[in-house]
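Everything numeric here is computed off the predicted structure, so don't read it as measured data. The analysis underlying the following values was restricted to heavy atoms, covering all of them including side chains, and did not include hydrogens, waters or symmetry mates.
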Amino acid sequence: TYSVSLANANGYVITTSKSLTVSDASSTFDLSIKKVELYTVTGAITGLGTSISKLGLSFTPSVGSTFVPAPVINTSAATYSVQLEANHTYTIAATGVNDFSIPDNTIAVAQATATKDIAFAAKPTYAVTIDASTLTTTQQAALTTTFTNLNESGYSYTFAPGSSVWLRDGTYSVACSGLDAYPLQLALTSNLKVNGAATTKTLTFSPITNWSFNDATITASTTAYKGMVLAGSTNSVSSGHLIMTGTQTAKVPVVAGQKLIITYYYSANFTIDGGTAITTSSNSTTTLETTQCTYTGTSAGYATLANVA
């Protein structure tokens, strides 16, 4: 099956089928070509700032037409040009800039050379109050929130600690960061819906009691991961394990009387709070071994895992 188009034939369009299926019985394929009168429209593009680099434009006639306009955008000059069919009215639409709208989005083509500036305006946004009252004041001051539009791919908005949150209409998933110094994670949270008015989103956080190491990249310069205090450790995201070499340490947050279970495999040689070394040299990636200890402190603290060089 082939698609049929015209090349070097500006002002002409195919009015019959543009699809050809070839088979043993195929013998002829008739085309009907029509000349259309085209006028050139140019203009400035305003209101987008640097977002113009993502802009796409389309022009749709109010009545049916076989001619499909192909606008050309000059992002550096913030201008465009397009050929449109004479005596047609077109609606202008944009892609790639969903945070903006075109208030004046129609053009009637009545003369051979016309000018039509396209002025964009930011869509209205509404205040979102974040209720994270389960966090301490210090923790709230470290909290970064990210809202991802579930119905518009590529539109995600991140707000630094203490920043006011403003979002346009839409349904958003919610994610948080900035709390790696604390053994806390965002609890199961419903989506946020913004619909023409200010709203409030309550965020609750649950304590972390399992460290998977498969949801973030830990480098030698990483000092904290979900409340753990790290000194030189790295991780394998795909395998979900922490790697300690040399004299590296990892401190695990614990509370009085809490039991700590550590799973290790392949090769290990480490101590817990300076105790007897725990070792293995199984050289197996499928044989998992565990050790455990009970934190004897009377208040919240850390159990220190130290690699033995």
Item to check | Pair S282-E289, side-chain contact (heavy atoms from CB on, under 4.5 Å): steps then yes or no | outcome: CA-CA 10 Å; S282 68; E289 302 177 58; 4.1 Å; yes

Item to check | Distance in Å, S239 OG paired with Y266 OH, rounded so as to fall on 0.5 Å steps | outcome: 12.0 Å

Checklist entry - For the residue pair W211 and P253, what are the closest heavy atoms and their distance? => result CZ2-CG, 3.7 Å

Checklist entry - Hey, any chance F67 and I92 share a hydrophobic cluster, counting ILVMFWY side chains that come within less than 4.5 Å of each other, even indirectly? => result yes

Checklist entry - What is the minimum heavy-atom distance between L203 and C176, and which atoms define it? => result CD1-SG, 3.8 Å

Checklist entry - Is it true that the side chains of T304 and T249 contain a donor and an acceptor less than 3.5 Å apart? => result no

Checklist entry - Do D215 and Y225 have a side chain donor and acceptor closer than 3.5 Å? => result yes

Next on the checklist: Between F100 and S51, is there a side-chain heavy-atom distance shorter than 4.5 Å?
Outcome noted: yes

Next on the checklist: Within the 4.5 Å heavy-atom criterion, are I45 and T79 side-chain neighbours or not?
Outcome noted: no

Next on the checklist: Quick one about N105 and Y90 (side-chain donor to acceptor, distance below 3.5 Å, no hydrogens or angles considered), yes or no?
Outcome noted: no

Checklist entry - Would a hydrophobic clustering, with Ile, Leu, Val, Met, Phe, Trp and Tyr connected at side-chain separations under 4.5 Å, put L57 with V97? => result yes

Checklist entry - Hey, is the main chain of A132 close enough, under 3.5 Å, to the side chain of Q140 for a donor-acceptor pair? => result yes

Checklist entry - If you group Ile, Leu, Val, Met, Phe, Trp and Tyr by side-chain heavy-atom gaps below 4.5 Å, do V229 and L242 land in one group? => result no

Next on the checklist: Is it the case that the side chains of T115 and D117 hold a donor-acceptor pair, with the cut-off being a distance below 3.5 Å and no angle test?
Outcome noted: no

Checklist entry - Does the side chain of L260 reach to within under 4.5 Å of the side chain of Q292, using non-hydrogen atoms? => result no

Item to check | Minimal non-hydrogen separation, G257 against T294, with atom names | outcome: O-CG2, 3.8 Å

Item to check | Rounded distance (nearest 0.5 Å) linking atom CD of Q248 with atom OG of S233 | outcome: 5.0 Å

Checklist entry - Would you say L84 and F59 make side-chain contact, with heavy atoms under 4.5 Å? => result yes

Item to check | Stepwise side-chain contact (heavy atoms from CB on, under 4.5 Å) check, V194 with V128 | outcome: CA-CA 8 Å; V194 180; V128 178; 4.3 Å; yes

Next on the checklist: Is it the case that the ring center of F205 lies less than 6.0 angstrom away from the ring center of Y182?
Outcome noted: no

Checklist entry - Same cluster or not: are L192 and Y157 linked, directly or through other Ile, Leu, Val, Met, Phe, Trp or Tyr residues, by side-chain heavy atoms under 4.5 angstrom apart? => result yes

Checklist entry - Going by atom types only, do K201 and T145 share a side-chain donor-acceptor pair under 3.5 Å? => result no

Checklist outcome for this item: In short, T285 meets Y265 closest at the heavy-atom pair CA-CD1, 3.6 Å

Next on the checklist: As a quick check of understanding, evaluate side-chain contact (heavy atoms from CB on, under 4.5 Å) for T204 and L186, giving each step before the final call.
Outcome noted: CA-CA 6 Å; T204 58; L186 183 65; 5.9 Å; no

Next on the checklist: Working note: T136 + T138, criterion side chain to side chain donor-acceptor pair (under 3.5 Å); need CA distance, chi angles, decisive distance, verdict.
Outcome noted: CA-CA 5 Å; T136 66; T138 301; 4.7 Å; no

Checklist entry - Can you tell me how far the OH atom of Y126 sits from the CG atom of D169, to the nearest 0.5 Å? => result 5.0 Å

Next on the checklist: To the closest 0.5 Å, what do you measure between CD1 (I261) and SG (C293)?
Outcome noted: 9.5 Å

Checklist outcome for this item: Heavy-atom nearest pair, A277 first then T271, reads CA-CG2, 3.8 Å

Checklist outcome for this item: Scanning both residues in full, the closest heavy-atom pair of T247 with A309 reads CG2-CB, 4.5 Å

Next on the checklist: If we count only N and O atoms by modelled type, under 3.5 Å, do the side chains of N98 and Y155 hold a donor and an acceptor together?
Outcome noted: yes

Item to check | Aromatic ring proximity H241/Y264, centre distance under 6.0 Å | outcome: no

Checklist entry - Taking K226 as the fixed residue, which of V252, I208, L184 is the one that meets the side-chain contact (heavy atoms from CB on, under 4.5 Å) rule? => result I208

Next on the checklist: What verdict does the side-chain contact (heavy atoms from CB on, under 4.5 Å) test give for N214 and S238, after you've listed the backbone C-alpha separation in whole Å, the side-chain angles of each residue and the deciding distance to 0.1 Å?
Outcome noted: CA-CA 6 Å; N214 63 357; S238 60; over 6 Å; no

Next on the checklist: I'd like to know if the side chain of Q83 and the backbone of T40 have a donor-acceptor N/O pair within less than 3.5 Å.
Outcome noted: no

Next on the checklist: To the closest 0.5 Å, what do you measure between CG (N191) and OG1 (T171)?
Outcome noted: 7.0 Å

Next on the checklist: Set out, in order, the CA-CA distance, both residues' side-chain angles and the distance that settles side chain to side chain donor-acceptor pair (under 3.5 Å) for K54 and T95, then state yes or no.
Outcome noted: CA-CA 8 Å; K54 307 173 184 177; T95 58; over 6 Å; no

Checklist entry - Heavy atoms, side chains only, cut-off 4.5 Å: are T223 and D180 in contact? => result no

Next on the checklist: Contact between L143 and L179 at the side-chain level, heavy atoms closer than 4.5 Å - yes or no?
Outcome noted: yes

Next on the checklist: Under a 4.0 Å threshold between the charged nitrogen and the carboxylate oxygen, would K116 count as salt-bridged to D104?
Outcome noted: yes

Next on the checklist: Is it the case that atom NZ in K123 sees more than 12 heavy atoms from other parts of the structure closer than 6.0 Å?
Outcome noted: yes

Checklist entry - Roughly how far apart are I118 CD1 and I102 CD1, rounded to 0.5 Å? => result 5.5 Å

Checklist entry - Do side-chain atoms of N235 reach the backbone of G240 as a donor and acceptor pair under 3.5 angstrom? => result no

Item to check | Validation row: T89, I107 side chains within 4.5 angstrom (heavy atoms) | outcome: no

Next on the checklist: So N87 and V109, do their side chains get closer than 4.5 Å, heavy atoms only?
Outcome noted: no

Checklist entry - Any link between I243 and I262 through a network of hydrophobic side chains (Ile, Leu, Val, Met, Phe, Trp, Tyr) touching at under 4.5 Å? => result no

Checklist entry - Hey, is the main chain of S284 close enough, under 3.5 Å, to the side chain of T287 for a donor-acceptor pair? => result no

Next on the checklist: Using a 3.5 Å distance criterion without hydrogens, assess whether the side chain of E152 forms a donor-acceptor pair with backbone atoms of N149.
Outcome noted: no

